[in-house]
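Right, one structure below, let's go through it.
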Amino acid sequence: MNPLYRDMPTTIFEAMSMRARETGAINLGQGFPDGPINAAVIAAACDAMHQRSNQYPPMIGLPELRDAVAGWYARHQALDLAADEVVVTSGATEAIAAALLALIVPGDEVLLFQPLYDAYLPLVQRAGGIARIVDLDRTSWRIDPAGLTAAIGPRTRLIVFNDPMNPLGTCAHPDDQALLAQACVEHDLIAICDEVWEALVYDGAEHRSLMQQPGMRERTVKIGSAGKIFGLTGWKLGWMCATPPIARVLAKAHQFLTFTSPPHLQWAVAEGLNSQDAWIATARAEHQASRDFFCAGLHAIGLATIPSAATYFVTVDLAASQVPMDDVAFCEAIIGSAGVAAIPISAFYAENAPSHLVRFCFAKHRATLQAALDGLARALPGLR
Ligand code: PMP
Ligand code: GLN
């Protein structure tokens, strides 16, 4: 048995969702939306299932979807990707796994930034990589240039960068993107850029990919997910984009992970990317309004937050809220006393975790968010 898996706990997302199901708590833990979800894309998938093929599509994805992904990035992010630079995967998770398997050999070092999405570290380890972990500054959530330089060595091959960032909902500062690009060019590194939250950036801001930085077009693997763009997280349909010599190697890793992904979902997402820009903008505005509603409610009951600029998430700062508990104890307590499930941010750290931060998902109906706020208001006096 592989000790990596034998000794591994179940992911915090599954663990908290299971606790919420068992206790009937409102689940503001794992990130999935109550809505909006895109009905046109769902209808297109049903039509495709009945009227088109249900057999294996091409290994790297249907040409319609690869064209649509390239077109969507051209319209929204001014990227000049060609369809043959897009490899369709079964979710962003598979893309991350395939990219790591394809791009490192055992003993290679991979830079990860804390807080880190939970899949990165185990996947780097399973690919035989050695993780070098760079802490983001715990106030600004920016990259410390000295910390970055110190982490890069002769065996460093890759960086994995998540922008917008889960869990905190921050967007990378342009100066940090420039710093990363310089480091990648100088040390001949490839960047795996997990940009699954790119369509959920708020307050009028627009996502800019690391791929647009000087020198990065040829050394970035840009990862996206239809689950996030259309509010359909269970679909597990994603993609990875890279210059042809890299894309060809990524495809080789993908071919023996899942080989391909359901064709009706691919047709539907292609149609959605080509026709649903207005819906995507509306969904973004609705999530922003949910964020504002939920944050105002948190602040009204004395819970301080880290500003959320993107994603489905906002993070409460327990220390700044005069709640003298650590994040895990707080999450345990509020499942029972408030009837609310949340995620301790320490789950996104491999080492030296902060213990005062808790993530909540605000992508829920107003009534659900209000019920959660009412539960937290009732529980808080007992926790202070
Ligand atoms: N990366 C990040 C940063 C995520 O937040 C998520 C899911 N929330 C994923 C990857 C996984 O995406 P998918 O469901 O498409 O595999
Ligand atoms: N990425 C989602 C979140 O952060 C969860 C994905 C999962 O459950 N694996 O909540």
Side-chain angles (χ1 to χ4, degrees), residues 8-21 27-34 37 61 65 69 87-100 112-124 136 141 159-172 191-201 207 209-210 221-241 254 257-258 261-262 265-266 269 272 287 308-315 331 341-349 357-364:
M8 182 184 276
T10 299
T11 94
I12 190 70
F13 307 120
E14 177 68 13
M16 292 316 269
S17 283
M18 219 158 59
R19 294 289 308 279
R21 282 192 291 269
N27 190 356
L28 305 188
Q30 191 178 33
F32 58 90
D34 277 350
I37 59 172
L65 177 55
V69 169
V87 179
V88 176
T89 58
S90 292
T93 311
E94 195 228 335
I96 297 161
L100 288 167
L112 303 178
F113 296 86
Q114 286 194 138
L116 45 84
Y117 184 61
D118 71 337
Y120 299 160
L121 181 59
L123 289 174
V124 167
L136 297 180
W141 306 104
I159 69 167
V160 180
F161 191 60
N162 177 211
D163 177 35
M165 191 246 278
N166 181 3
L168 298 179
T170 49
C171 296
I192 297 178
C193 209
D194 176 350
E195 302 182 3
V196 300
W197 297 102
E198 60 202 341
L200 293 168
V201 172
H207 177 71
S209 176
L210 187 64
V221 178
K222 175 176 166 59
I223 292 176
S225 172
K228 303 296 187 288
I229 296 173
F230 296 110
L232 303 166
T233 61
W235 276 29
K236 299 296 293 185
L237 194 72
W239 47 80
M240 43 191 174
C241 309
H254 160 71
L257 280 174
T258 59
S261 307
L265 302 185
Q266 295 195 46
V269 169
H287 286 305
S308 162
T311 73
Y312 295 150
F313 310 117
V314 64
T315 295
C331 288
I343 303 280
I345 294 283
S346 55
F348 296 84
Y349 276 76
L357 300 172
V358 174
R359 191 193 82 173
F360 290 86
C361 174
F362 55 69
K364 304 293 170 189

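Side chains are part of it too, since the values below use all heavy atoms of this structure and drop only hydrogens, waters and symmetry mates. As the structure lists them, so they are numbered: ligands from 1, and atoms in each ligand from 1. Since the structure is predicted, the reported quantities are computational estimates derived from the model, not experimental observations.
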Worksheet item: E94 near ligand 1, heavy-atom distance under 4.0 Å?
Response: no
Can you sort out which atoms of ligand 1 are near [X], meaning under 4.0 Å from one of its heavy atoms?
{"X": "N162", "value": "3 (C)"}
{"X": "K236", "value": "13 (P), 14 (O), 16 (O)"}
{"X": "W197", "value": "3 (C), 4 (C), 5 (O), 8 (N)"}
{"X": "N166", "value": "3 (C), 4 (C), 5 (O)"}
{"X": "G91", "value": "15 (O), 16 (O)"}

To the nearest 0.5 Å, tell me how far [X] [atom1] sits from [Y] [atom2].
{"X": "F362", "Y": "H287", "atom1": "CZ", "atom2": "NE2", "result": "8.0 Å"}
{"X": "C331", "Y": "F360", "atom1": "SG", "atom2": "CZ", "result": "6.5 Å"}
{"X": "E94", "Y": "L237", "atom1": "CD", "atom2": "CG", "result": "10.0 Å"}
{"X": "L265", "Y": "L65", "atom1": "CG", "atom2": "CG", "result": "10.0 Å"}

Discussion item. Taking 4.0 Å as the limit for heavy-atom contacts, which would you say applies to R359 with ligand 2: side chain only, backbone only, both, or neither?
Written reply: side chain
What heavy-atom pair brings [X] and [Y] nearest, and what distance separates the two atoms?
{"X": "A310", "Y": "P164", "answer": "CB-CB, 3.6 Å"}
{"X": "D163", "Y": "H207", "answer": "O-CE1, 3.2 Å"}
{"X": "M16", "Y": "A341", "answer": "O-CB, 4.3 Å"}
{"X": "M240", "Y": "A98", "answer": "CE-CB, 3.7 Å"}

Discussion item. Within the structure provided, determine whether L357 and F348 are in side-chain contact (heavy-atom separation under 4.5 Å).
Written reply: no
Practice prompt. Using a 4.5 Å cut-off on heavy atoms from C-beta on, say whether the side chain of I345 contacts that of L168.
Written response: yes
Tell me which protein heavy atom sits closest to [atom], plus the residue, atom name and distance to 0.1 Å.
{"atom": "atom 8 (O) of ligand 2", "answer": "Q30 NE2, 2.7 Å"}
{"atom": "atom 10 (O) of ligand 2", "answer": "G31 N, 2.6 Å"}
{"atom": "atom 6 (C) of ligand 2", "answer": "Y117 OH, 3.4 Å"}
{"atom": "atom 7 (C) of ligand 1", "answer": "K228 NZ, 2.8 Å"}
{"atom": "atom 12 (O) of ligand 1", "answer": "A92 CB, 3.5 Å"}

Worksheet item: Out of A226, S225, P164, whose heavy atom is nearest to atom 15 (O) of ligand 1?
Response: S225
Worksheet entry | From L116, D163, I96, D194 - option closest to atom 2 (C) of ligand 1 by heavy atom | D194
Answer yes or no: does an N/O atom from [X] fall short of 3.5 Å to an N/O atom of ligand 1?
{"X": "Y120", "result": "no"}
{"X": "T93", "result": "yes"}
{"X": "S90", "result": "no"}

Item to complete: Between M165 and ligand 1, find which residue part has any heavy-atom pair under 4.0 Å and reply side chain, backbone, both or neither.
Response: neither
Worksheet item: For ligand 2, is there an atom lying under 4.0 Å from some heavy atom of F313?
Response: yes
Item to complete: Decide whether the shortest distance between a heavy atom of T11 and an atom of ligand 2 is less than 4.0 Å.
Response: no
Worksheet item: Would you say F13 and ligand 2 have an N/O pair spaced under 3.5 Å apart?
Response: no
Discussion item. Could you check whether atom CG of L257 has more than 12 heavy atoms from other residues, nucleotides or ligands sitting under 6.0 Å from it?
Written reply: yes
Item to complete: Report yes or no: is the cationic atom of K228 (NZ for Lys, CZ for Arg) closer than 6.0 Å to the six-membered ring centre of F32, at no more than 45° off its axis?
Response: no
Discussion item. Please confirm whether the ring centroid of Y117 lies under 6.0 Å from the ring centroid of W197.
Written reply: no
Item to complete: Please could you name the atoms of ligand 2 that N166 approaches to less than 4.0 Å, counting only its heavy atoms?
Response: 1 (N), 3 (C), 4 (O)
